[in-house]
Amino acid sequence: MKFELQHTDINSKARAGKVTTDHGEIQTPIFMPVGTVGSVKAVHQRELKEDISAQIILGNTYHLNLRPGIGILEQVGGLHKFNGWDKPILTDSGGYQVFSLAQMRKLKEEGVTFRSHIDGSKLHFTPENVVDIQRSIGADIIMALDECPPGDSDYKYAKSSMELTHRWLQRGVNHFKSTDPKYGYSQTFFPIVQGAGFRDLRKQSAETIASHNMEGNAIGGLAVGEPTEVMYEMTDVVTDILPADKPRYLMGVGTPANILESIALGVDMFDCVMPTRNGRNGMLFTSEGMINIKNKRWADDFTPVDPNGSCFVDHHYSRAYLRHLIISKEMLGSQIASIHNLAFYLWLVGEARNHIIAGDFHQWKTMMVKKVTTRL
RNA sequence: GGGGAGAUACCAAAGUGGCCAACUGGGGCAGACUGUAACUCUGCUGGCUUAUGCCUUCGUAGGUUCGAAUCCUGCUCUCCCCA
């Protein structure tokens, strides 16, 4: 993987860059649609490419390991072959499941044991075997196994959790360096900053992560219950330390406003389930504000889903029709809403990039944050 | 023509003397959702007003009772079975 830093904003820490992988280039800042089980829910690959202009998508180690299982993925030659997505794929390590499936896991120095949410069977993840699994999945970008502690963790817990993540990181890096890609293209490995809501821990973690000198770095453990200002503050602290010549990935974030603010703080890569999940639940993000399409006021609004939108569904369908579909729980509703939201997210980061390059990012962002947080 | 069952809030359906403004589900109206256990979850859904308050409601008209959606009588309507 290669990263080229192309422009840096004068009035903020925003950057425009280019990541190059064996599966193609990624223009940053970028948003990466989440496809947990190898599928961006309700969206097919041609739509991802042509309507949404996605440049990279996510998969998840925990979920893909359960289904279809590593055997199948190795047999077919990796996830790209399996799901028909020939652009880059990044896989999360299962660190988020340490947080989201907290009731069904046990943390130990060695690793983490999950109770499968599907059949209750035991799964053991270590910093080493999640590298193996991600190599088998064929991810272009492999994430380190981390512990993602809740946003309201106290200092003592946050510190010991961070230290565990750091020890795991060393093991993960060692293992990554001693193993090879399985399918003939290169894979890279991103470590993850932790430290919950504490500046000194975040600082310490960012320094530790940076010292491993990997090709890119991630910021984890944010947007997990802490106040938004804390999230920005932590991001700010961390991006001051992480090297400028490597991409920075803020994991799991976020709302359109979160993304704009974080771009201004020097983040290059984002992923979030919000455009897809909230879309399925009837929430649309647009350049003029947020729409709860289930609200009665849209029942007879026969204007386009998003007149400013860039993709087919935005102009082909009306708000009234989309509301009808979502309320009737029709699959097409989920599809339209997901495609629209993802296309908007990709448009948003693309515009951010254009404005960074043009030099007026800061004022554009200020205006855009206002719009995007409006409720229509 | 004979016999039987039933009418409860927008719909369906519990409740068969006080704990009933009335279970529950659907529908409706809002809200939530941030590295996806999520096409999911939460709240409200008679009126006034928001209170340990009042008023009006369980087909309809009366009655019994301290007290009725619940018991009795008349009426209206619906459904099922047999002719």
Side-chain angles (χ1 to χ4, degrees), chain A residues 31-43 56-64 66-67 89-105 114-120 123 130 134 139 141-151 165 190 192-194 218-228 231-232 235 249-259 261-262 267 269-283 285 290 292-299 322-323 325-338 341 345 375:
Chain A
F31 178 80
M32 308 180 280
V34 178
T36 306
V37 300
S39 150
V40 177
K41 294 187 194 300
V43 180
I56 170 173
I57 63 173
L58 293 216
N60 181 277
T61 302
Y62 167 87
H63 290 279
L64 288 167
L66 279 177
R67 288 194 295 218
I89 293 176
L90 178 153
T91 46
D92 183 33
S93 61
Y96 186 73
Q97 280 62 43
V98 171
F99 165 72
S100 69
L101 301 179
Q103 306 100 312
M104 337 183 176
R105 53 78 169 162
F114 285 102
R115 223 74 232 209
S116 156
H117 71 280
I118 295 167
D119 62 7
L123 304 153
V130 299
Q134 291 176 91
I141 301 176
I142 289 172
M143 298 306 301
L145 184 64
D146 63 335
E147 184 198 352
C148 177
T165 290
F190 283 17
I192 305 169
V193 173
Q194 287 292 345
I219 308 166
L222 291 176
V224 283
E226 81 286 1
T228 307
M231 177 175 102
Y232 294 149
T235 303
Y249 163 31
L250 178 53
M251 305 184 76
V253 172
T255 65
N258 290 162
I259 288 175
E261 297 294 1
S262 302
V267 175
M269 302 164 71
F270 301 88
D271 78 282
C272 189
V273 303
M274 206 171 255
T276 42
R277 179 192 289 165
N278 288 30
R280 290 195 303 279
N281 293 333
M283 186 171 185
F285 299 96
M290 295 174 284
N292 183 346
I293 200 69
K294 292 197 275 195
N295 287 178
K296 198 183 183 74
R297 56 174 301 206
W298 308 113
L322 179 54
R323 176 178 192 270
L325 293 175
I326 294 278
I327 282 182
S328 306
K329 300 188 184 345
E330 280 292 319
M331 286 184 285
L332 183 57
S334 294
Q335 295 175 28
I336 294 170
S338 298
N341 278 347
Y345 265 63
R375 297 193 75 112

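Numbers restart at 1 for each chain; the letters A, B, ... are given by sequence-line order, proteins then strands.
- A gap of 22 Å separates the P atoms of B:A51 and B:U56, to the nearest Å.
- Contacts of A:Ser116 with the nucleic acid, taken as non-hydrogen atoms under 4.0 Å apart, are absent.
- Contact check, A:Arg277 against B:U34: a side-chain N or O comes under 4.0 Å of OP1 or OP2.
- Annotation for A:Arg115 and A:Gly120: closest pair NE-O, 2.8 Å, computed over non-hydrogen atoms.
- Checked against ring pair (Phe, Tyr, Trp, His ring centres under 6.0 Å), A:Phe31 has the following partners two or more places apart in sequence or in another chain: A:Tyr345.
- For the side-chain hydrogen bond (donor to acceptor under 3.5 Å, both in side chains) test, residues two or more places apart in sequence or in another chain that qualify with A:Ser116 are A:Asp119.
- Here A:Gln134 lies out of heavy-atom contact (under 4.0 Å) with every strand.
- For the P atoms, the distance from B:A69 to B:U60 is 12 Å, rounded to whole Å.
- Spacing of P atoms, B:A14 relative to B:C23, comes out at 14 Å, to the nearest Å.
- Taking the P atoms as reference points, B:U40 lies 15 Å from B:G25, given to the whole Å.
- With a 3.5 Å ceiling on both atom-pair distances, the Watson-Crick or G-U wobble partner of B:C71 is B:G63.
- Atom C1' of B:G4 sits at a distance of 29 Å from the matching atom of B:A22, rounded to the whole Å.
- At the heavy-atom level, A:Gly333 lies nowhere under 4.0 Å from the strands shown.
- Taking every side-chain heavy atom of A:Asn60 into account, B:U36 is the closest of B:A37, B:U34, B:U36.
- Comparing A:Met283 and A:His63 along RNA chain B, the residue whose closest nucleotide (by nearest heavy atom) sits nearer the 5' end is A:Met283.
- B:U49 makes up no base pair with any nucleotide shown, lacking Watson-Crick or G-U wobble contacts both under 3.5 Å.
- Of all nucleotides present, none satisfies the Watson-Crick or G-U wobble test against B:A9 with each distance under 3.5 Å.
- With sequence neighbours excluded, no residue forms a ring pair (Phe, Tyr, Trp, His ring centres under 6.0 Å) with A:Phe270.
- Using a 4.0 Å cut-off, no side-chain N or O of A:Ser334 falls inside it from OP1 or OP2 of B:C39.
- What separates CZ of A:Phe31 from C1' of B:G35 is a distance of 10 Å, to the nearest Å.
- In this view, A:Tyr96 satisfies the side-chain hydrogen bond (donor to acceptor under 3.5 Å, both in side chains) rule with no residue, not counting sequence neighbours.
- No hydrogens or angles were tested; on distance alone, a donor-acceptor pair under 3.5 Å links the side chain of A:Asn281 to the base of B:C33.
- Using a 4.0 Å heavy-atom cutoff across all strands shown, A:Leu58 reaches sugar-phosphate atoms only and no base atom.
- B:U45 and B:C10 are spaced 14 Å apart, taking the P atom of each and rounding to whole Å.
- Shown here are the salt bridge (Lys or Arg N to Asp or Glu O under 4.0 Å) partners of A:Glu147, two or more places apart in sequence or in another chain: there are none.
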Heteroatom pairs (N/O) under 3.5 angstrom, protein to nucleotides 24-29 of chain B:
residue, atom, partner, partner atom, Å
B:C29, OP1, A:Arg323, NH2, 3.0

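- In terms of the side-chain hydrogen bond (donor to acceptor under 3.5 Å, both in side chains) criterion, residue partners of A:Asp146 (sequence neighbours excluded) are, by chain and number, A:Gln194.
- Pairing for B:C41 goes to B:G31, judged as Watson-Crick or G-U wobble with the two contacts each under 3.5 Å.
- Remark: A:Gln97 is not in phosphate contact with B:G35, judged by side-chain N or O atoms under 4.0 Å from OP1 or OP2.
- If you check every strand for non-hydrogen atoms under 4.0 Å, A:Arg375 touches sugar and phosphate atoms only.
- Within residues 141-149 of chain A, the residues that place at least one heavy atom under 4.0 Å from RNA chain B are, in residue-number order, A:Asp146, A:Cys148.
- Across the P atoms, B:A5 and B:U73 are found 14 Å apart, a figure rounded to whole Å.
- Rounded to whole angstrom, the span from the CE atom of A:Met251 across to the P atom of B:G35 amounts to 10 Å.
- When the P atom of B:G35 is taken as reference, atom CG of A:Leu90 falls 13 Å away, rounded to whole Å.
- A distance of about 24 Å separates the P atoms of B:U57 and B:U24, rounded to the whole Å.
- In this model, the phosphate group of B:A37 is approached by a side-chain N or O of A:Ser100 to a distance below 4.0 Å at OP1 or OP2.
- Among residues two or more places apart in sequence or in another chain, the side-chain hydrogen bond (donor to acceptor under 3.5 Å, both in side chains) test is passed with A:Thr165 by none.
- Pair check for B:C79 finds B:G4; Watson-Crick or G-U wobble, both atom distances under 3.5 Å.
- The nearest heavy atom of RNA chain B to A:Val224 and to A:Arg280 marks one nucleotide each, and the one closer to the 5' end goes with A:Val224.
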